[in-house]
Amino acid sequence: MEKHRSSPAAAPATRSPGRRTYLMCRPAYYAVEYAINPWMDTTAPVDATLACTQWEALADAYTALGHEVVRIEPEPGLPDMVYSANGAFVVDGIAYGASFRYPERRPEADAHEKWYRTSGWKYAEPEFINEGEGDFTYLPGRELILAGWGFRTDARAHAEAADVFGRPVVSLRLVDPRYYHLDTALAPLDDERIAYYPEAFAPGSRLLLERLFPDAVIADAEDAAGFGLNFVSDGRNVVINAEASGFAKKLRDAGYETVPVDLSELKKGGGSVKCCTAELRR
Ligand code: ARG
């Protein structure tokens, strides 16, 4: 595994990484058969075998960092099921179930519900449309849930999540169709700190982010377009799409170590590292 170290001059990341558990779904039936985001081009060729190879490298990167990878069985006819982050949002051992915006993906929610229920997680049935960890994330050090709306998740699901978890939810409005899920524009670096791409958010949401996270690492248009924000961090190591090498450098300068993984095939569906990874928080 290639691992890039931060320069010795950079401030060390505050937290040592605990062992994480990640739920992933092998892209065995991956394809771009419909277009529900601007990245998806149904006329462009997609190599499902290469997607599987790249996906295995992502799973291996997590294992090499000492994390646990658990798998949900892919289902034929559900080409987007590889983006397991969308299946639920899990905090404190409770999985708040997904309810997909587009009919093409709706059966994925049932597959995930079944997996969570049979794997010993509490399951909270959603009333409102929400796409799981695609539009929700959690900062344990601030006991704060961050949530996106504007393209997929219904803003009413934010209040629903606040009830399910008994934690405050910060609602953020997404305005750029290329960054249709929160996890394409913002991600936690550790328990308290985030990175984000300001232009993906409405003015009021940007102001809120500036006030809440004055120490955030800020991404530019190129960083975002390379899916640089769609990373997974354990507090020290940031697993990030290889294309976003410029943003990886910014993260190393901010004190993190970066692990680049090439997910070019999965980008054709409009996702990268984070979309392929659901964090299961006990
Ligand atoms: N093709 C999928 C969709 O548009 C990609 C989902 C990406 N997932 C994510 N967590 N951002 O729904």
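Because the structure is a prediction, the values reported are computed rather than measured. Order of listing sets the numbers, starting from 1, for every ligand and every atom in it.
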Under 3.5 Å, which donor-acceptor pairs link side chains of residues 218-233 to any protein atom two or more places apart or in another chain?
unit_1, atom_1, unit_2, atom_2, d
D220, OD1, E222, N, 3.1
D220, OD1, D223, N, 2.9
D220, OD2, K250, NZ, 3.3
D223, OD2, D220, N, 2.9
D223, OD2, K250, NZ, 2.6
N230, OD1, S272, N, 3.1
N230, OD1, V273, N, 3.3
N230, OD1, K274, N, 3.0
N230, OD1, C275, N, 3.2
N230, ND2, D183, O, 2.7
N230, ND2, D183, OD1, 3.4
S233, OG, L189, O, 2.5
S233, OG, G235, N, 3.0

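- Here salt bridge (charged side-chain N to carboxylate O under 4.0 Å, His left out) pairs that include residues 21-49, with residues two or more places apart or in two chains, are R26-E56.
- Hydrophobic cluster of Y123: the remaining members, joined at side-chain heavy-atom separations below 4.5 Å, are L23, V70, I72, L78, M81, V90, W115, Y116, W121, L280, listed by chain and number.
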Quick one: table the atom pairs, ligand 1 N or O against protein N or O, below 3.5 Å, distance rounded to 0.1 Å.
unit_1, atom_1, unit_2, atom_2, d
ligand 1, 1 (N), D80, OD1, 3.0
ligand 1, 1 (N), D80, OD2, 3.0
ligand 1, 1 (N), G269, O, 2.7
ligand 1, 4 (O), N37, ND2, 2.7
ligand 1, 4 (O), R152, NH2, 2.8
ligand 1, 8 (N), N86, OD1, 2.9
ligand 1, 10 (N), N86, ND2, 3.2
ligand 1, 10 (N), D183, OD1, 3.4
ligand 1, 10 (N), D183, OD2, 2.7
ligand 1, 11 (N), H181, ND1, 2.7
ligand 1, 11 (N), D183, OD1, 2.8
ligand 1, 12 (O), R105, NH1, 2.7
ligand 1, 12 (O), R152, NH1, 2.8

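- Partner of Y96 under the side chain to side chain donor-acceptor pair (under 3.5 Å) criterion, out of K122, E133, E160, E125: E160 alone.
- A distance-only check finds a donor-acceptor pair linking the side chain of R106 to the backbone of R101 [under 3.5 Å].
- Side-chain rings of F213 and Y196 stay apart, their centers remaining 6.0 Å or farther from each other.
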